[in-house]
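Take a look at the structure below.
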Amino acid sequence: MTTDDDHPSAPFGRALCAMVTPFTGSGALDLDGAQRLAERLVAAGCDGLVLSGTTGESPTTTDAEKSALVAAVREAVGGRAALVAGVGTADTRHTVELARAAERAGADGLLVVAPYYSRPPQDALEAHFREVADACGLPLALYDIPGRTGTRIEPDTLVRLAGHPRIVAVKDCSYDLLGTQKVLARTGLAYYAGCDEQILALYALGATGYVSTVANVVPGLFRAVLDAFDAGGTREAARLQRRALALIEPVMAASLPGTVTTKALLGALGLPSGPVRAPLRPADRETTEGLLTAYRELTAGAAQFQA
């Protein structure tokens with residue numbers, strides 16, 4: 001059985017969902033749908049919601065829409081869940097503006113991705129994160145996903161940044177277990193698995209929890225993985241993690257972005273989603289039917305995992 005010392009820090013809880021941003025049929029922000037989806041996710045066991053991450057189509061939502069989304073979801077869930085607002089952009093000044101706006105709108109924390117495309121060197125990257133952290137009073141989770149941004153937040157950089165009082169967590173999509181362990185060993189940063197297939201592996205190494213895209217449709221599944229592990233049921237945790245692959249693979253490892261597949265499945269299940277915004281395009285009928293089949297097979301006989 002694990003102890004508090006194994007997972008000492010959970011600034012936003014353990015089980016977080018990277019929530020999609022629902023749109024109406026015409027492509028407008030659907031705040032009512034966002035509130036209903038958020039309510040469902042929290043009721044099913046999500047400790048926190050990441051809003052306006054890339055799963056939430058942050059590159060194609062306006063600054064005003066991002067603030068309105070935080071305010072609406074806060075109204076819906078109250079204090080029952082932490083709200084972490086994605087504010088990272090390729091522009092430090094714009095990121096600071098979004099951070100301050102998210103704080104005003106009622107966010108509990110910020111998710112800040114490494115600036116993409118420009119590929120800043122590590123000293124510039126460190127300065128970027130420090131400037132954002134200094135600009136507001138909210139705790140930050142740094143998002144390390146070099147496969148999308150083109151820039152790794154190197155372990156030594158994370159160790160230095162851990163000294164900042166408001167830099168408290170990492171969303172880890174680095175696929176570098178050695179580097180992750182180095183940071184876990186040398187800092188008190190809370191690590192959240194950002195890749196659904198690595199949730200149990202990182203948790204076993206001392207991570208805090210996860211930020212999951214697949215949790216939009218099966219919010220109770222990965223929480224069950226953590227609960228089983230904490231109770232000493234490592235074999236059961238492993239079984240549940242392997243079971244989840246039936247949905248992780250078609251949602252996250254297909255040729256389509258996870259936002260597209262997740263929205264397709266949510267829509268097929270009658271849950272708030274709506275279309276994606278260009279340049280993304282919706283999943284076709286064959287893909288959607290395959291997702292539904294995978295979902296039904298995963299949740300068969302397991303009412304606690306069903307949407």
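Computed over heavy atoms, backbone and side chain alike; hydrogens, waters and symmetry mates excluded.
- Side-chain contact between Leu51 and Arg74 is absent, with no heavy-atom pair separated by less than 4.5 Å.
- For the residue pair Ser174/Asp172, the side-chain donor-acceptor check at 3.5 Å is satisfied.
- Under a cut-off of 6.0 angstrom, the local environment of CZ in Arg80 is crowded, with over 12 non-hydrogen atoms contributed by other residues, nucleotides or ligands.
- Heavy-atom neighbours of Arg239 CZ from other residues, nucleotides or ligands within 6.0 Å: above the threshold of 12.
- Counting only heavy atoms from C-beta outward, the side chains of Leu125 and Pro115 approach each other to under 4.5 Å.
- The environment of Glu249 atom CD is sparse: at most 12 non-hydrogen atoms of other residues, nucleotides or ligands sit within 6.0 angstrom.
- A donor and an acceptor atom, one from each side chain of Gln181 and Tyr191, are nowhere located under 3.5 Å apart.
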**Message:** One pair to check against salt bridge (Lys or Arg N to Asp or Glu O under 4.0 Å): Glu289 and Arg285. What are the steps and the verdict?
**Reply:** CA-CA 6 Å; Glu289 289 176 350; Arg285 180 176 178 179; 3.0 Å; yes

**salt bridge (Lys or Arg N to Asp or Glu O under 4.0 Å) evaluation trace for Arg100 with Glu103** = CA-CA 5 Å; Arg100 290 171 173 162; Glu103 185 174 24; over 6 Å; no

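- Salt bridge status for Glu57 with Lys263: present, with a side-chain N to carboxylate O gap under 4.0 Å.
- Put simply, the side chain of Asp123 does not reach to within 4.5 Å of the side chain of Glu126, judged on heavy atoms.
- Side-chain atoms of Asp30 and Thr24 include no donor-acceptor pair closer than 3.5 Å.
- Side-chain contact between Thr151 and Pro120 is present, with heavy atoms from C-beta onward closer than 4.5 Å.
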**Item:** Criterion side-chain contact (heavy atoms from CB on, under 4.5 Å) on Leu140 and His164, from CA distance to verdict
**Value:** CA-CA 10 Å; Leu140 270 64; His164 194 291; over 6 Å; no

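- Looking at Tyr203 and Gln198, their side chains never come closer than 4.5 Å, going by heavy atoms from C-beta outward.
- In this structure the side chain of Leu110 never reaches within 4.5 angstrom of the side chain of Val84, judged on heavy atoms.
- Under a cutoff of 6.0 Å and an axis angle of 45°, Arg277 and Phe23 form a cation-pi pair.
- At a threshold of 4.0 Å, the pair Asp230-Arg223 does not count as salt-bridged, since none of the basic side-chain nitrogens sits closer than that to a carboxylate oxygen.
- A donor and an acceptor atom, one from each side chain of Thr259 and Thr55, are nowhere located under 3.5 Å apart.
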**Message:** Is there a side-chain contact (heavy atoms from CB on, under 4.5 Å) between Arg166 and Leu138? Walk through the geometry before answering.
**Reply:** CA-CA 7 Å; Arg166 281 188 293 281; Leu138 295 180; over 6 Å; no

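- For the residue pair Ser52 / Lys66, no side-chain donor-acceptor distance below 3.5 Å is found, with atom types taken as modelled.
- A cation-pi geometry, defined here as NZ or CZ lying under 6.0 Å from the six-membered ring centre and within 45° of its normal, does not hold between Lys171 and Tyr192.
- No hydrogens or angles considered: a donor-acceptor pair under 3.5 Å links the side chains of Ser212 and Asp196.
- Here Asp156 does not pair with Lys182 in a salt bridge; the nearest charged N to carboxylate O distance is not below 4.0 Å.
- No side-chain heavy atom of Arg160 sits under 4.5 Å from any side-chain heavy atom of Glu154.
- Leu111 places none of its side-chain heavy atoms less than 4.5 Å from the side chain of Val211.
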